[in-house]
Structures are given as structure tokens and as C-alpha cells.
Amino acid sequence: LPALLDRYWVPGERLVVAVRRHPVQLAAPVGAVVLAFALLLWITTALPPSVPVVGDVLFLAWFALLARTLWRFVQWRVAWFVVTDRRLLLTRGVLRRKVAMMPVTKVTDMSYNQSLVGRVLDYGQFQMESAGQSQSLRTVSWLPVPDRLYRTICAEVFGADRMPPVGPDAARRRRRRPRG
């Protein structure tokens, strides 16, 4: 676990899972930089030598786009979604840290959504609800391996003993469970 999360730790808390958001969220900024660079090269080679200022301005614009992409990368590196046996935390921000937290006991419902691209690249969006209260941690996007993460969090929030069996032999295990 990164040292930057130590300041949010409560003594006696047990870590369940800590993940960064899926790196695919950086695809659009990186793609924009690559496409803009290709366009910059094409335009500067087509420009007549009598107008070098246009090439310089375009290069400065591309450099600003590159700086923005690097900033987004740094933001991605410091953002974490952490689940402990007591809390759900979402940390983000470089210059101004933001920490959203929801006690595990307040979660009454949890669901996740996956787009078609999310299914292919294995990321999703989680939505947590609590009984009649507005929470600062309601939606968390770009979470990797959402199937496994969802089961892990649900087992912690709702208790592993109350989770229905999953997998190919789930029906057989359900039949063998003592009724009571």
C-alpha cells in the first residue's frame, strides 16, 4: 500500500482491497497527444518557410496538451479506491487532496455498471447507496476487475456467510446447505 494512504489509516483497521482506477481512463488524453503530434508534423511540413510563427504556435499548443496529459497521469497515480473492514475510501487530488469516505455499516445497496468497452477492457462503475442519506462516496468510476472487486466488497459489506454461492456448482452447494 502506498505511503500516501497511511495518513488515512485508523488503528485496528484491516485492509480488504486497494486499487487504482483503470488506466484506460488515460486513453483519451494520450490519444489526443499522439494525434495532435501527428497533425503538428503534417502541418509544419506543409507550411511554407515564410511563416515559421504558425509552427511555433502549434508546437506550444501541443506542448500544453502534453502537459495536461502528464498532469492527468499524476492525478491517476495518486487516486486510490480503498476498502477496509470499516470504511470505503476514495482518495484523489495532487495539490488539493480530496478523500470521500463511507462507513461499511452505512452501505445498504451496491451495484455496478459496465459498458461494452468496459466489459472488453475489464473496468466498471460502482454505485453505493445508504438508507435515506446523501453520501460523499456514491459513484466510483473506472474500477478495474469489477466482477471480482464487487464480490470482495459485497462479502465484506454484507458478510461472506450471507452471500449466495457463485460458480458452476452453486446450485449443488445451495441444495446441501442446511435449512434453518
K.L.:
Is there a side-chain contact between T91 and L5 in this structure, where contact means two heavy atoms from C-beta onward sitting under 4.5 Å apart?
P.N.:
yes
K.L.:
Could you walk me through whether V107 and F158 pass the side-chain contact (heavy atoms from CB on, under 4.5 Å) check?
P.N.:
CA-CA 9 Å; V107 178; F158 303 114; 4.2 Å; yes
K.L.:
Compare every heavy atom of P146 with every heavy atom of D122, then report the nearest pair and how far apart it is.
P.N.:
OD1-CD, 3.4 Å
K.L.:
Mark yes or no: R20 above the aromatic ring of W76, with NZ or CZ under 6.0 Å from the six-membered ring centre and no more than 45 degrees from the axis.
P.N.:
yes
K.L.:
Hey, what do you get for CZ (R138) to CD (Q127), rounding to the nearest 0.5 Å?
P.N.:
5.5 Å
K.L.:
Output the distance between atom SG (C154) and atom CE (M110), rounded to the nearest 0.5 Å.
P.N.:
4.5 Å
K.L.:
Is there a path of hydrophobic side-chain contacts, each under 4.5 Å between heavy atoms of I/L/V/M/F/W/Y residues, joining L39 to F37?
P.N.:
yes
K.L.:
Same cluster or not: are V145 and V83 linked, directly or through other Ile, Leu, Val, Met, Phe, Trp or Tyr residues, by side-chain heavy atoms under 4.5 angstrom apart?
P.N.:
no
K.L.:
Checking side-chain contact (heavy atoms from CB on, under 4.5 Å) for the pair V104/D85: CA distance, chi angles, key distance, verdict?
P.N.:
CA-CA 7 Å; V104 167; D85 59 338; over 6 Å; no
K.L.:
Name the atoms and distances for all side-chain donor-acceptor pairs under 3.5 Å in residues 40-66, with sequence neighbours left out.
P.N.:
{"residue": "T44", "atom": "OG1", "partner": "L40", "partner atom": "O", "Å": "2.8"}
{"residue": "T44", "atom": "OG1", "partner": "L41", "partner atom": "O", "Å": "3.2"}
{"residue": "T45", "atom": "OG1", "partner": "L41", "partner atom": "O", "Å": "3.0"}
{"residue": "T45", "atom": "OG1", "partner": "W42", "partner atom": "O", "Å": "2.9"}
{"residue": "W62", "atom": "NE1", "partner": "V33", "partner atom": "O", "Å": "3.0"}

K.L.:
Kindly write out the residues that satisfy side-chain hydrogen bond (donor to acceptor under 3.5 Å, both in side chains) with E13, not counting sequence neighbours, or none if the list is empty.
P.N.:
T84, R87
K.L.:
Looking only at heavy atoms, what is the nearest atom pair of A18 and V82, with distance?
P.N.:
CB-CG2, 4.1 Å
K.L.:
If hydrophobic clusters are built by linking Ile, Leu, Val, Met, Phe, Trp and Tyr wherever their side-chain heavy atoms come under 4.5 Å apart, do V94 and L70 end up in the same one?
P.N.:
no
K.L.:
Quick one: name the residues clustered hydrophobically with V24, using the 4.5 Å side-chain heavy-atom rule over I, L, V, M, F, W, Y, and just say none if it's on its own.
P.N.:
V117, V120, L121, Y123, W142
K.L.:
Please round to the nearest 0.5 Å and tell me the distance separating atom CZ of R77 and atom CG of L26.
P.N.:
10.5 Å
K.L.:
Report yes if the side chains of M102 and M128 come closer than 4.5 Å at any heavy-atom pair, otherwise no.
P.N.:
yes
K.L.:
Do L90 and V99 have side chains that approach each other closer than 4.5 Å (heavy atoms only, starting at C-beta)?
P.N.:
no
K.L.:
Using the rule given for side-chain contact (heavy atoms from CB on, under 4.5 Å), can you reason through V30 versus T69, listing the C-alpha separation, both sets of side-chain angles and the distance that settles it, and then say yes or no?
P.N.:
CA-CA 6 Å; V30 169; T69 300; 4.0 Å; yes
K.L.:
Looking at E156 and R86, does any basic side-chain N land under 4.0 Å from a carboxylate oxygen?
P.N.:
no
K.L.:
Within a radius of less than 6.0 Å around CZ of R97, do more than 12 heavy atoms belonging to other residues, nucleotides or ligands occur?
P.N.:
yes
K.L.:
Could you tell me which non-hydrogen atom of P103 sits nearest to which non-hydrogen atom of M101, and how far apart they are?
P.N.:
N-SD, 3.6 Å
K.L.:
So Q125 and T139, do their side chains get closer than 4.5 Å, heavy atoms only?
P.N.:
yes
K.L.:
How about V16 and T152: do any of their side-chain heavy atoms sit closer than 4.5 Å?
P.N.:
yes
K.L.:
Quick one: NE2 on H22 to OG on S141, what's the gap to the nearest 0.5 Å?
P.N.:
13.5 Å
K.L.:
Would you say F126 and I153 make side-chain contact, with heavy atoms under 4.5 Å?
P.N.:
yes
